[in-house]
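Indexing begins at 1, ligand by ligand and atom by atom, following the structure's order. Just so it is clear, the model here is predicted, and its values are computed rather than measured.
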Amino acid sequence: MDKAIFLDNAATTRTDPEVLEAMGEWQGDNFGSPATLYAFGSQAKQAIEAARQHVADLIGADQKDVYFTSGATESNNWAIKGVTEALAEKGKHIITNQAEHHSILMPCGYLQKKGWEVTYLPVDSDGLVDPADVDKAIREDTVLVTMVHGNHEIGTIQPLAEIGAITREKGVYLHANAAQSVGHIPVDVAALSCDLLSLSGHKFYGPKGVGALYIKRGVRIVPLLHGGGQEKKRRAGTHNVPGIVGLGKASELARKNLASEANRLSTLRDYIIDKIEKNMDDIRLNGHRTRRLPNNVNVSIEGIEGESIMLSLSYPTAENARPVFVSTGSACVSGTLEPSHILLALGLPAELAHGSVRISLSRHNTREDADYALDSLFAVSERLRSMSPVYKRGSKQCASGSSGEGCDCEAAS
Ligand SMILES: *Cc1c(COP(=O)(O)O)cnc(C)c1O
C-alpha cells in the first residue's frame with residue numbers, strides 16, 4: 001500500500017492509528033465481557049459507555065438513544081424491519097428513493113414480498129429528492145420515510161432537514177442512512193428532525209464491522225436480534241468491545257477534526273473536478289456540484305467503460321508506476337456489466353452510466369496524490385478512448401452540467 005494511492009474511501013477507510021491503539025487494550029489482556037458482574041467485566045462496560053457518549057456527541061444525540069450494531073447494513077435493516085413490524089397495525093406503506101444503497105433497497109424489496117407497499121421517489125439529474133414529493137407521497141397508512149443523507153456513489157447531500165420538517169409535521173418516522181455523512185459533515189439528529197439514524201465505523205477511520213443506530217426515545221421498533229439482554233434488551237449479542245471502543249475513538253477524533261478536514265477535502269475535491277473538466281472532453285460530473293460530500297468526485301467519461309479505467313489504474317504500468325485505486329458505478333457483478341441503478345436514476349444514458357469513475361478522498365490524501373492520480377487517469381482514458389469503437393470526440397452526448405445542446409441526459413431524465 002505504500003506506493004499505492006487509495007482513492008476509494010467511500011468504500012472503506014484506513015483505521016486511524018489512534019483508533020487502533022485505543023482498541024489494542026481490549027484485544028489482549030482485557031478480554032472480559034461487559035455482561036459479567038465482577039470487576040473485570042465492568043471495565044469493559046465503562047469503556048462501552050464512554051464510547052457511546054462519543055458517538056452521541058458526534059451526532060447531537062442523548063447517549064441513551066445510541067445502540068451499537070455490526071455496521072450500517074444492520075442498522076438500516078433494523079430500522080426498516082423493526083419499525084414496520086412495530087407499526088404494522090397503523091399501515092403498510094413506506095417511502096424511500098430510487099438512488100438508495102442496497103442495504104436500504106433490499107430490505108424494502110423484502111417487505112414488498114411480505115405485502116408492504118414501497119414508494120420509490122425519483123431524484124433529479126443531480127440526485128436530489130424533492131421534499132414536496134415526500135409530502136405528496138405520505139398517506140394515512142405511511143409509517144416510515146427512509147432517506148440516505150449523503151449518497152455513497154455520487155456524493156449528493158439530500159435536503160434532510162426539509163424532509164424531516166415534513167415527516168415531523170405529519171407524524172411519520174424519518175430514518176436517515178448517514179453512513180457517508182457522519183464524521184465528514186456536521187450531522188445533528190435534532191436539526192435533521194430524524195427519529196432514527198444509521199452510521200458505520202469504517203466509513204470514518206474507525207474499525208470495520210461496527211456501527212450504531214440512533215433511536216429517538218419513544219420511537220416504536222422491535223429488535224432484529226433476539227437473545228441476551230444487551231443494549232437494553234433491544235440488540236442481543238455479546239458486545240464487540242474492541243470495535244465499539246474503536247468507533248468511540250473515531251467519533252471523538254472526527255468531532256475534533258471535522259471542520260478543518262471538511263474544508264480541506266472540499267477544496268481538494270473542487271480542485272480535482274476543475275482539473276478533470278479542464279483536461280478532458282466529453283465528461284459529465286455526476287451528483288450535485290455544491291450540495292456534495294467533501295470527499296466525493298464522480299465523473300462519467302464518455303466512450304469507455306468505468307471498469308476498464310478502474311482496472312487499468314489499479315495495475316502499475318508505464319503510464320502509472322503507482323497503482324491508483326478508484327471505484328466505478330459499473331463494476332462487473334457476477335458476469336454482467338450493469339450500470340448502477342443510481343446513475344440510471346439520474347437519467348444518464350447507458351453509455352455514460354457505463355463510464356463512471358468515483359474518486360473518494362480521505363484525510364490521508366494530499367494534493368500531490370491527486371495530481372499523480374489525475375495524470376494517470378488522463379493517460380489511461382486517452383489510451384482506452386483511442387481503442388474505443390464507440391467514442392467520437394465532441395459528440396456532446398452529455399457535456400458536464402448536462403445542459404449542452406443535443407444532450408441525451410436531459411431527454412432521458
Ligand atoms: C457503507 C455504506 C453502508 C453499509 O455500511 P456497512 O457498515 O459496511 O454495513 C450503507 N449505506 C451507505 C450509504 C454506505 O456508504
Closest non-hydrogen contact found for Arg289 with Ile273 is NH1-CG2, 3.9 Å

Taking the inter-plane angle between the rings of His102 and His341 on a 0 to 90° scale, is it parallel (under 30°), tilted (30 to 60°) or perpendicular (over 60°)? tilted

Please list all pairs meeting side-chain hydrogen bond (donor to acceptor under 3.5 Å, both in side chains) that have one or both residues in residues 180-190, counting only residues at least two apart or in different chains. His149-Ser181

Do you know which two heavy atoms are closest between Ser360 and Asp8, and how far apart they sit? OG-C, 3.2 Å

Which atom of His354 lies closest to which atom of Pro339, heavy atoms considered: CE1-CD, 3.5 Å

Show me, by chain and number, every protein residue that has a heavy-atom distance under 4.0 Å to ligand 1. Gly71, Ala72, Thr73, Asn76, His101, Ser103, His152, Asn177, Ala179, Gln180, Ser200, His202, Lys203

May I ask you to check whether Thr15 and His202 show a side-chain donor-acceptor distance below 3.5 Å? no

